[in-house]
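Here is the structure we will look at, set down as C-alpha cells.
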Amino acid sequence: MSIRLRLTLWYSVILAVTLIAFGVAIYFFVNYNTYKEMKAKIEQQVNAINITSTLDMFGNYQTPNFVIGDDEMFIQVDNYKNGVVKTTSNLRRIDQLLPKPDVKEINDSYEGFEHVKAGPYPFLVYRHILKQNNEIFGLLQVAAYSGREDKFLTELRTTLISSLIIVVLIAFTIGLFLARQALRPIENVIRSSDQIQNGSDLSMRIPREGPNDELGRLVDTLNGMLGRIETTYNGLNEAYKAQRRFVSDASHELRTPLTTIRGNIELLERMWLPTLTQGADDPDGEGLPQLSEQERSRMMLTRESMLDIAGEAKRMSSLVNDLLSLARADAGYQMEKSVQPLLPLVEDVARKAQLLPRKAEWKIGNLDAIANVEVYAHADFLRQLFFIFVENAFKYTPSGHVELRAIVSGDQAGIVIKDTGIGMDHDQVPFIFERFYRADESRGETSGTGLGLSIAKWIIDEHGGSVEVSTREGAGTTFIVWLPIAFHEKSNEV
C-alpha cells in the first residue's frame, strides 16, 4: 500500500470517527430536547390523576375530543385483579389499546417512560404501577402521540448518516488528490533514482520543484549525496582502472624476464648436463673423485641453486599467466567461441593430465555420455578450465585417486572431477572461488596462490555454465562443471 493511500485512509478514518461522534452528540441532544416538553406534560398529567384500588375516580375522568396530532393525553388503566381495562375516549376512537405487560413481568424498574406502538400509531408512554399493601393490582399508562417527533428524528438520523457517508467520500477523493500533489516530489525522486540505478549515470540529478519545504530539502540532500557518490565513484573507478592497467602491464613486463631466466636455466642445464647428471646419480658426490672437496661442495650447491631458480621461475610464470587471465576478465574480455565437440577436448585433457606431477592415481572414467555432444565454447579456455580442476585435485590428494568422467542431464553436459583427498569444510565452499582464498591456508599442506578457481569461475561464467561442489573434510571433493549443450544427437540421461 502506497504512502499516499495510507495517509488518505488515516485521514478519512479520523474524519469519519469525528463526524460519527459529532452526529451522535447532535442526535441525542435533539432527541432529548424534542421529548423534554412532552415528558413534562405527561408527568404533570400522571401526578393529577388519583386512582383508588376500585378505579372509581377514573370513570369520572374526561378528555377532549381526539384529533391525531393534537397534544392530548391518552390514558389507559388496567386492573389485573378483575381484568377490567378503562381508557379515555380518544383511545376508544382509534380503536386501539396501549400494550400492557403480564403482571409477572412487572417490577419496580418497569415504571417510567417508554416508546410504544398502538397499532400504526407511535406513542411516548409513562407507566405507573398501581399498588395496595405492596401488592400490584393495576397499571396506569399515560401516553402522548409522538408521530411527528419520531418522523423528525428519523429524518434527522437519515440525514446525519447520509451526510457522513457523502462527506467521507468527498474527503477521501479530495484527500487522495491532495496527497498525490503533495507527494509528487517523492515520485520524482523515485523516478530519477530508478533512472540513475538502471542507467548507472551518477551525473544525473533529481529535478528541484516546489517550495523550500521538507521535500525540497530532501531533494537538495539527495542531490548533494549523489554528487559526493559520483566524485567518490569516479575516483575509485580511475584507481581500479589504474590497478587493472598495472596488473596487465606488470604481467606483460614480467613475462619477458621470466622467459629469459627460464631459457638461461635450460641453457646452463644443457651445458652442465654431464656433470649434473653424474651428481644427480650420486647425491653424496662420490662419483666425482677428480674434484676436490671444495669443488665438489660448490658443484652440489650450484646444482641445487639451479633447480631452485628453475622451480621459482616456473611458479612465477604460472602466477603471471593467472594474473593476465584475471586482468582479461576484469577488462571485460570477450572470448571468441564456436561450436566444439566436447569429447575430443576432454580426452585431450585426460591424456595430458597423466603427465602432471601427482601422488594420486589418475583414473579416466566413462566418457560415452558426451560422445555426440557439442558445446559453444572457446577450446583453449575450456582446456584450461578442466586442467585447473584436475591440477587442484592432484594438489589436494596426497594419496588415493582422482577420477574424470562425464554425464548428461537434460540440456546440460557435466564433467565430473572427483578426488579422495583432504576435502574441506562445508562452510568454506562459498569462498573457494574468491581470489587468493586458500581453504587449507591455516594447515599449510599445499602451495599455491589461490587464483586457479577464480579463473575457472570466470571461464564457466563466460560459457554460460555452472559448477556444483560436493565435499567433506577428510573424504575428498567432487566438482561437476555443467555446460549448456549446443547440439546432442543422442543423450544419456542421469
Side-chain angles (χ1 to χ4, degrees), residues 1-39 109 112-117 120 122 124 146-234 236 430:
M1 186 182 296
S2 64
I3 295 178
R4 179 183 65 184
L5 185 57
R6 286 204 303 268
L7 286 175
T8 305
L9 286 176
W10 275 109
Y11 168 77
S12 300
V13 169
I14 294 174
L15 178 62
V17 171
T18 303
L19 290 177
I20 289 174
F22 185 68
V24 169
I26 290 178
Y27 179 79
F28 280 105
F29 177 78
V30 173
N31 182 289
Y32 174 78
N33 285 279
T34 299
Y35 292 114
K36 182 179 179 181
E37 184 177 353
M38 185 181 295
K39 288 180 179 180
S109 62
F113 287 98
E114 186 176 352
H115 291 274
V116 299
K117 266 196 168 187
L124 176 63
S146 60
R148 290 175 301 177
E149 289 78 4
D150 289 350
K151 182 179 179 182
F152 168 72
L153 290 174
T154 300
E155 292 176 351
L156 176 63
R157 186 169 58 249
T158 303
T159 302
L160 289 175
I161 294 174
S162 303
S163 301
L164 169 66
I165 295 174
I166 293 172
V167 169
V168 170
L169 289 177
I170 293 175
F172 180 83
T173 304
I174 297 177
L176 196 62
F177 173 76
L178 293 177
R180 181 178 181 180
Q181 294 299 113
L183 297 177
R184 188 182 297 275
I186 293 183
E187 294 181 359
N188 294 335
V189 170
I190 296 173
R191 192 182 307 111
S192 300
S193 300
D194 287 340
Q195 292 177 356
I196 294 171
Q197 177 183 354
N198 297 330
S200 299
D201 185 7
L202 293 177
S203 63
M204 291 185 60
R205 294 295 180 267
I206 302 170
R208 177 75 151 78
E209 299 177 359
N212 189 28
D213 54 7
E214 291 83 354
L215 293 177
R217 293 197 297 272
L218 173 62
V219 171
D220 292 339
T221 302
L222 290 175
N223 284 333
M225 182 180 66
L226 286 173
R228 294 188 63 183
I229 292 176
E230 180 185 10
T231 303
T232 304
Y233 175 80
N234 290 337
L236 291 175

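- In this structure E37 satisfies the side-chain contact (heavy atoms from CB on, under 4.5 Å) test together with K41, sequence neighbours excluded.
- One finds the CG atom of L156 at 4.5 Å from the CG atom of L160 (value rounded to the nearest 0.5 Å).
- The environment of F177 atom CZ is sparse: at most 12 non-hydrogen atoms of other residues, nucleotides or ligands sit within 6.0 angstrom.
- Within the structure, every pair that satisfies the side-chain hydrogen bond (donor to acceptor under 3.5 Å, both in side chains) test and touches residues 20-29, not counting sequence neighbours, is listed here: Y27-R157.
- Here Y35 pairs with H115 under the ring pair (Phe, Tyr, Trp, His ring centres under 6.0 Å) rule; sequence neighbours left out.
- Heavy-atom minimum distance, D150 versus P122: OD2-CB, 3.3 Å.
- Taking the side-chain contact (heavy atoms from CB on, under 4.5 Å) definition, one finds that F22 meets it with I26, sequence neighbours left out.
- A side chain to side chain contact (heavy atoms under 4.5 Å, CB included) with K151 holds for exactly one of R148, E155, E149; it is E155.
- By the side-chain contact (heavy atoms from CB on, under 4.5 Å) test, F152 pairs with V30, T34, sequence neighbours left out.
- Judged as a side-chain hydrogen bond (donor to acceptor under 3.5 Å, both in side chains), not a single pair has a partner in residues 159-177 (not counting sequence neighbours).
- Atom CZ of F172 sits in a crowded spot, with more than 12 heavy atoms from other residues, nucleotides or ligands closer than 6.0 Å.
- The salt bridge (Lys or Arg N to Asp or Glu O under 4.0 Å) pairs that include a residue from residues 13-27 number zero, where partners must be two or more places apart or lie in different chains.
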Identify all side-chain donor-acceptor contacts of residues 12-19 below 3.5 Å with residues at least two apart in sequence or on another chain.
{"unit_1": "S12", "atom_1": "OG", "unit_2": "T8", "atom_2": "O", "d": "2.8"}
{"unit_1": "T18", "atom_1": "OG1", "unit_2": "I14", "atom_2": "O", "d": "2.8"}

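- For N31, there are no side-chain hydrogen bond (donor to acceptor under 3.5 Å, both in side chains) partners, not counting sequence neighbours.
- For the side-chain contact (heavy atoms from CB on, under 4.5 Å) test, residues two or more places apart in sequence or in another chain that qualify with I166 are I170.
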